[in-house]
Number of protein chains: 2
Amino acid sequence: MTHDTVPVAHRELERGNGVALWRQIQAVLEHDLRSGYVAAGEKLPTERQLAQRFGVNRHTVRQALAELARKELIVVEQGRGAFARRDKLDYALARRVRFSENLLRQSRIPSERLLGSDKVQAGRRAAEALQVLPATMLLRLRTVGNADGRPLCCTTHYFPYGRFAGFAAVYGQLHSVTAAFRALGVADYVRTSTRITSRMPDAAEVRALGLARQTPVLVVESVNADGAGTPVEYGVCVWAADRIQFVIDAA
Amino acid sequence: MTHDTVPVAHRELERGNGVALWRQIQAVLEHDLRSGYVAAGEKLPTERQLAQRFGVNRHTVRQALAELARKELIVVEQGRGAFARRDKLDYALARRVRFSENLLRQSRIPSERLLGSDKVQAGRRAAEALQVLPATMLLRLRTVGNADGRPLCCTTHYFPYGRFAGFAAVYGQLHSVTAAFRALGVADYVRTSTRITSRMPDAAEVRALGLARQTPVLVVESVNADGAGTPVEYGVCVWAADRIQFVIDAA
DNA sequence: GATAATTTGTTCGTATGTATC
DNA sequence: TGATACATACGAACAAATTAT
């Protein structure tokens with residue numbers, strides 16, 4: 001390090017003025033975060049770099065970071081670094097639930113991708129949800145939903161095969177459940193049942209959703225019905241819990 | 001071990017009949033679980049005991065247990081053992097959300113306990129939810145809700161202090177939010193907003209809820225309003241995710 | 001796939017400043 | 001003034017996780 005790059009940042013800190021160094025560091029970083037100088041999701045400098053910049057020990061920086069993490073302004077990941085917290089997306093669970101609309105309302109760019117499709121026999125849950133006999137043939141679709149190009153949820157959809165045999169092909173073109181339904185004559189559909197719980201993801205889900213360690217997933221089982229009240233879709237959707245918050249507002 | 005208790009259970013298994021031993025063991029255990037011979041939440045014998053009972057190697061038992069875990073009939077916890085899966089409680093999120101009613105409908109015995117109460121200034125979220133100015137004084141209650149005597153959720157309630165200063169005392173007598181509200185003149189209240197997400201619990205929550213390792217919590221932020229539409233309660237409730245499933249049914 | 005480098009996490013120990021009795 | 005407890009700050013070493021090569 002040359003002479004003119006010798007840390008000048010000491011001046012940001014004042015020792016022995018009654019405010020602990022880590023508190024002062026926290027305040028500086030908090031300002032950077034709240035002002036947007038550090039964007040949401042952006043990586044902060046490493047602890048070593050911060051320690052050098054402020055001319056203090058790494059422990060002192062760590063105490064400041066711990067406080068910021070406690071206030072949920074950053075998330076710290078071992079081996080990776082500290083990241084400015086990304087706001088959770090508000091996902092409205094109302095009578096009509098539409099992926100694209102929900103994301104656009106939050107100024108996020110939605111996109112969907114088809115992972116694959118096949119024909120399967122209805123299991124107990126699917127049969128009950130779709131009000132068909134067990135072992136009825138169903139079309140199964142696996143899709144991924146993205147927000148701003150980042151994976152947000154993985155869904156397994158089930159449709160009565162008889163009525164929606166062409167769904168996969170149409171979906172492959174339109175990349176939207178809503179649009180595909182419309183193309184197949186279901187102008188409107190409403191949510192009739194929603195079940196929500198949470199668990200830890202398996203390895204495949206960690207990969208598919210790009211989850212950080214120790215991040216749980218929210219699991220949503222849902223049933224949608226057409227205008228006549230006939231179930232048209234049963235779905236199980238796995239959401240990255242650190243990126244989503246479900247909102248139920250009274251009408 | 002005396003002679004007459006020597007394992008007779010070998011007869012449960014048949015070697016070289018085209019069904020792997022671990023499959024047969026799995027079938028036996030699955031029957032015990034499904035028939036209710038092993039109650040929900042009950043601990044299974046240790047792998048050693050099972051291996052002895054079936055006269056097989058411990059690895060063979062492990063393969064059977066792994067399959068049962070995959071089918072979510074048991075949960076295996078390192079260092080503790082394998083436990084018959086406890087059914088998740090269906091907790092209805094409707095216009096009216098009542099803890100006791102929800103549990104009784106599922107044939108569980110509800111109980112609530114007051115952990116403590118104090119007077120605090122409203123933070124940003126609480127003020128917004130209760131439609132009061134920030135720094136308005138609020139009554140804060142911390143409670144635990146149990147199902148069949150087992151902790152299910154920890155709630156932090158906020159009430160406008162002016163109107164509900166006596167809530168803690170009344171709650172301490174009645175052990176029910178609904179009953180306490182009624183005693184204070186709020187005959188009915190309805191849920192106006194619900195937000196659901198999930199995260200990993202902190203150490204205190206693990207202790208309070210008796211959570212197994214790697215079990216996330218569901219976090220529910222809610223607002224309740226009285227008949228006139230005035231917010232009366234803002235609450236943040238932390239639920240053991242392995243014991244609960246939220247259900248939203250169309251009316 | 002294996003290895004090395006980077007980064008955060010944890011645990012020692014030591015020293016100093018501050019508040020309290 | 002002394003004794004004590006507690007928070008602050010620094011240093012070194014190692015563990016654990018991730019990333020790059």
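Letters A, B, ... are given to chains in the order of the sequence lines, protein chains preceding strands, and every chain is numbered from 1.
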Qualifying residue, where the test is side chain to side chain donor-acceptor pair (under 3.5 Å) with Thr143(B) and the options are Glu112(B), Arg113(B), His157(B): His157(B)
Phosphate OP1/OP2 of dT8(D) contacted by Thr60(A) side-chain N/O (<4.0 Å): no
Interatomic distance where NZ belongs to Lys43(A) and C1' belongs to dA17(D) [whole Å]: 14 Å
Gln26(A) side chain to Gln63(A) side chain, donor-acceptor N/O pair below 3.5 angstrom: no
Extract from the structure each pairing of a protein N or O with an N or O of nucleotides 10-18 of chain C at less than 3.5 Å, listing the distance.
residue : atom : partner  : partner atom : Å
dT11(C) : O4   : His59(A) : NE2          : 3.3

Separation of dT6(C) C1' from Glu77(A) CD (nearest whole Å): 15 Å
Residues Glu128(B), Arg125(B): salt bridge by 4.0 Å N-O rule: no
Protein-nucleotide distance (Glu14(A), atom CD; dT8(D), atom P), rounded to Å: 18 Å
Carboxylate-amine/guanidinium contact Arg213(A) Glu77(A), below 4.0 Å: no
Parallel, tilted or perpendicular: ring planes of Tyr171(A) versus Phe167(A), cut at 30 and 60 degrees: parallel
Interatomic distance where CD belongs to Gln78(A) and P belongs to dT6(C) [whole Å]: 17 Å
Spacing between Glu47(A) atom CD and dG11(D) atom C1', to the nearest angstrom: 15 Å
Whole angstrom value for the distance that separates C1' of dT18(D) from CD of Gln214(A): 15 Å
Rounded distance (Å) that lies between atom C1' of dT7(C) and atom CG of Leu44(A): 13 Å
Residue Arg15(A), side-chain heavy atoms: nucleotide from dC10(D), dA16(D), dT18(D) that is nearest: dC10(D)
Complementary nucleotide of dT18(C), counting Watson-Crick and G-U pairs under 3.5 Å: dA5(D)
Mutual orientation of the aromatic rings belonging to Trp239(A) and Phe246(A) [parallel < 30°, tilted 30-60°, perpendicular > 60°]: perpendicular
Sugar-phosphate only, base, or nothing, as touched by Arg23(A) at under 4.0 Å among non-hydrogen atoms: nothing
From dT8(C), dT19(D), dA9(D), nucleotide with atom closest to Leu21(A) side chain: dA9(D)
Phosphate-side-chain proximity, Asn57(A) and dA9(D), N/O vs OP1/OP2 below 4.0 Å: no
Gln63(A) vs dA9(D): side-chain N/O to OP1/OP2 distance below 4.0 Å: no
Whole angstrom value for the distance that separates C1' of dT8(C) from CG of Leu68(A): 16 Å
Side-chain N or O of Arg48(A) closer than 4.0 Å to phosphate OP1/OP2 of dT6(C): no
Test log, rule salt bridge (charged side-chain N to carboxylate O under 4.0 Å, His left out), inputs Arg243(B) and Asp87(B): CA-CA 7 Å; Arg243(B) 285 168 229 160; Asp87(B) 275 342; over 6 Å; no
